[in-house]
Asks: 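Shown below is the structure under consideration.
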Amino acid sequence: MHGVSFGTLLGNFIIVTGSFLTLLVLIRIFAWSKITGIFEERAKQISDDLAKAEDARLKAEDFVSEQEQVLKDSRLEASQIIGQANARAAHDKEAILVQAKEEAQAIKDKAREDAEAIKVEAVESAKEEIAALAIDLAERILVNKLDASEKTTLVDRYLDRLGED
């Protein structure tokens, strides 16, 4: 070694080792509790953060489960509403069909009644005309004392008049 003696080297080693050990003792006495307190506080904070994260995760899972149940309930309710609407529509359709059939039947019945009344009126009118023509024909026959060919001609003429009205 160049100019450094073994004694100097050993002295430096003892001084450095002594200083290091003194530094460790001083750190242990004055700063160790603060350093370990910082580490413990940091570990506690990390533990609290993990607990909060776990709690938040559990709450999120509960919320997702609740939302899935709400969605299922909403789908079920929507399905029920659609089913009720379909049933109501079918019922309304049936009621409308029944009402339409009843109205159509009432119209048919009224038309039959009207046709029957018209028929009765036409028959009555025809009876009156036939009776009037028969009386008129009989009067002429009695008044004029017609022969057979004149009677036939007169009856034909009255029948033709009857067909015109």
Side-chain angles (χ1 to χ4, degrees), residues 24 27-165:
L24 284 179
I27 288 175
R28 176 75 175 138
I29 292 173
F30 296 108
W32 189 255
S33 63
K34 289 181 183 179
I35 292 172
T36 56
I38 290 172
F39 286 137
E40 287 174 4
E41 184 179 321
R42 181 67 181 146
K44 184 180 181 301
Q45 183 180 3
I46 289 171
S47 175
D48 290 346
D49 288 346
L50 288 174
K52 286 178 186 177
E54 180 65 18
D55 188 42
R57 185 187 66 78
L58 292 174
K59 285 181 182 178
E61 285 179 358
D62 289 345
F63 181 74
V64 167
S65 296
E66 289 173 14
Q67 293 304 313
E68 286 175 350
Q69 187 61 41
V70 167
L71 183 60
K72 286 178 185 176
D73 293 345
S74 297
R75 285 182 180 158
L76 179 62
E77 185 177 346
S79 176
Q80 289 172 345
I81 289 170
I82 289 170
Q84 290 171 350
N86 287 338
R88 203 171 320 126
H91 178 266
D92 291 350
K93 175 185 171 186
E94 187 65 31
I96 289 169
L97 288 174
V98 166
Q99 183 180 3
K101 287 178 182 177
E102 288 173 356
E103 288 175 4
Q105 188 62 43
I107 290 170
K108 285 179 184 178
D109 292 344
K110 177 75 171 130
R112 274 193 205 108
E113 289 172 8
D114 290 348
E116 189 65 32
I118 290 170
K119 180 181 169 185
V120 167
E121 186 180 318
V123 167
E124 287 299 319
S125 176
K127 282 181 184 180
E128 289 174 10
E129 285 184 32
I130 291 171
L133 286 174
I135 291 171
D136 188 37
L137 183 61
E139 286 176 350
R140 288 187 185 230
I141 291 174
L142 290 175
V143 170
N144 291 333
K145 298 216 180 206
L146 302 173
D147 66 7
S149 70
E150 288 176 331
K151 290 179 189 176
T152 306
T153 305
L154 189 59
V155 170
D156 287 340
R157 198 173 46 186
Y158 275 100
L159 287 177
D160 287 340
R161 273 185 43 200
L162 182 64
E164 290 175 7
D165 291 336

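Reckoned from all heavy atoms, side chains included, excluding hydrogens, waters and symmetry mates. The first residue in the sequence is number 1, and the count goes up from there.
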Asks: Roughly how far apart are Asp92 CG and Arg88 CZ, rounded to 0.5 Å?
Replies: 8.0 Å
Asks: Working to the nearest 0.5 angstrom, can you tell me the gap between Asp114 CG and Glu121 CD?
Replies: 11.0 Å
Asks: Strictly by modelled atom types, are Gln84 and Gln80 linked by a side-chain donor-acceptor pair under 3.5 Å?
Replies: no
Asks: State the CD-CD1 distance between Glu41 and Ile46, to the nearest 0.5 angstrom.
Replies: 11.0 Å
Asks: To the nearest 0.5 Å, tell me how far Lys110 NZ sits from Ile107 CD1.
Replies: 11.5 Å
Asks: Working to the nearest 0.5 angstrom, can you tell me the gap between Lys59 NZ and Glu66 CD?
Replies: 12.0 Å
Asks: Test your reading of the model: is there a side-chain donor-acceptor pair from Ser65 to the backbone of Glu61, 3.5 Å cut-off?
Replies: yes
Asks: Between side-chain atoms of residues 67-76 and protein atoms elsewhere (two or more places apart, or another chain), which donor-acceptor pairs fall under 3.5 Å?
Replies:
from	atom 1	to	atom 2	distance (Å)
Gln69	NE2	Asp73	OD1	3.0
Ser74	OG	Val70	O	2.9

Asks: Please determine whether side chain to side chain contact (heavy atoms under 4.5 Å, CB included) holds for the pair Glu54 and Arg57, giving the CA-CA distance in whole Å, both sets of side-chain angles, and the decisive distance to 0.1 Å.
Replies: CA-CA 5 Å; Glu54 180 65 18; Arg57 185 187 66 78; 2.4 Å; yes
Asks: Kindly compute the distance separating NZ (Lys119) from CZ (Arg112), expressed to the nearest 0.5 Å.
Replies: 13.0 Å
